[in-house]
Amino acid sequence: MYKTLIEDIFYDPEEAEETTFPATDKDLLILTEKFLEFEIPSKVFLQAIAIADYDGAAAFRYVDNYLTTLKNKNKHKHKKLLVLGASTRFENN
């Protein structure tokens, strides 16, 4: 008990190593399902699987970040199309 108390006093969370776990088969299925509704390059999918092989949590962060970026790009493209469509109608009138 004394030893545990001393370890707790000197415990520094910044120096602690983060333990990583590979993704399970269920995790890989969930990652794959996240990509299904989007057209993505095979390189991105394979990169997510490679990351999942040694760190499941990092693979989910990678997929979420990629999809967020992709969604934001698509939103900006749609906004530009709407602006262009509106400006051509204005010029025709």
Side-chain angles (χ1 to χ4, degrees):
M1 181 163 166
Y2 181 71
K3 185 176 180 181
T4 305
L5 180 60
I6 291 173
E7 288 174 359
D8 288 343
I9 291 172
F10 294 107
Y11 175 72
D12 186 6
E14 291 181 6
E15 293 180 10
E17 290 185 26
E18 200 173 302
T19 305
T20 60
F21 298 100
T24 63
D25 289 342
K26 184 177 179 181
D27 293 337
L28 291 174
L29 182 61
I30 293 169
L31 283 173
T32 304
E33 288 175 347
K34 284 186 165 209
F35 278 137
L36 285 178
E37 61 185 88
F38 299 96
E39 285 186 40
I40 60 160
S42 58
K43 179 180 174 181
V44 173
F45 178 74
L46 294 174
Q47 181 67 30
I49 299 303
I51 293 169
D53 190 37
Y54 64 91
D55 188 352
F60 275 95
R61 287 192 301 271
Y62 175 78
V63 170
D64 290 339
N65 288 339
Y66 182 84
L67 294 179
T68 299
T69 303
L70 189 63
K71 288 176 187 176
N72 288 338
K73 276 186 178 180
N74 288 340
K75 283 182 184 178
H76 294 301
K77 284 182 182 178
H78 291 299
K79 286 181 182 178
K80 288 179 183 176
L81 290 174
L82 291 173
V83 171
L84 290 174
S87 66
T88 57
R89 276 189 244 136
F90 180 73
E91 291 173 2
N92 289 337
N93 289 333

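Quick note: residue numbers are just sequence positions, from 1.
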Closest approach of A48 and A59, non-hydrogen atoms and distance? O-CB, 3.7 Å
Under the side chain to side chain donor-acceptor pair (under 3.5 Å) rule, collect the residues that match up with D27, sequence neighbours excluded. T24
Quick one: hydrophobic cluster around Y54, which other residues, with the 4.5 Å side-chain cut-off, linked directly or via members? L28, I30, L31, F35, F38, I40, V44, F45, L46, I49, I51, F60, Y62, V63, Y66, L67, L70
Suppose we screen for salt bridge (Lys or Arg N to Asp or Glu O under 4.0 Å). Which residues come up paired with D53, at least two apart in sequence or across chains? none
Mind jotting down which residue pairs meet the salt bridge (charged side-chain N to carboxylate O under 4.0 Å, His left out) criterion with at least one end in residues 59-69? Sequence neighbours excluded, please. K34-D64
Got a sec, which pairs hit salt bridge (charged side-chain N to carboxylate O under 4.0 Å, His left out) with one end in residues 35-47, sequence neighbours left out? none
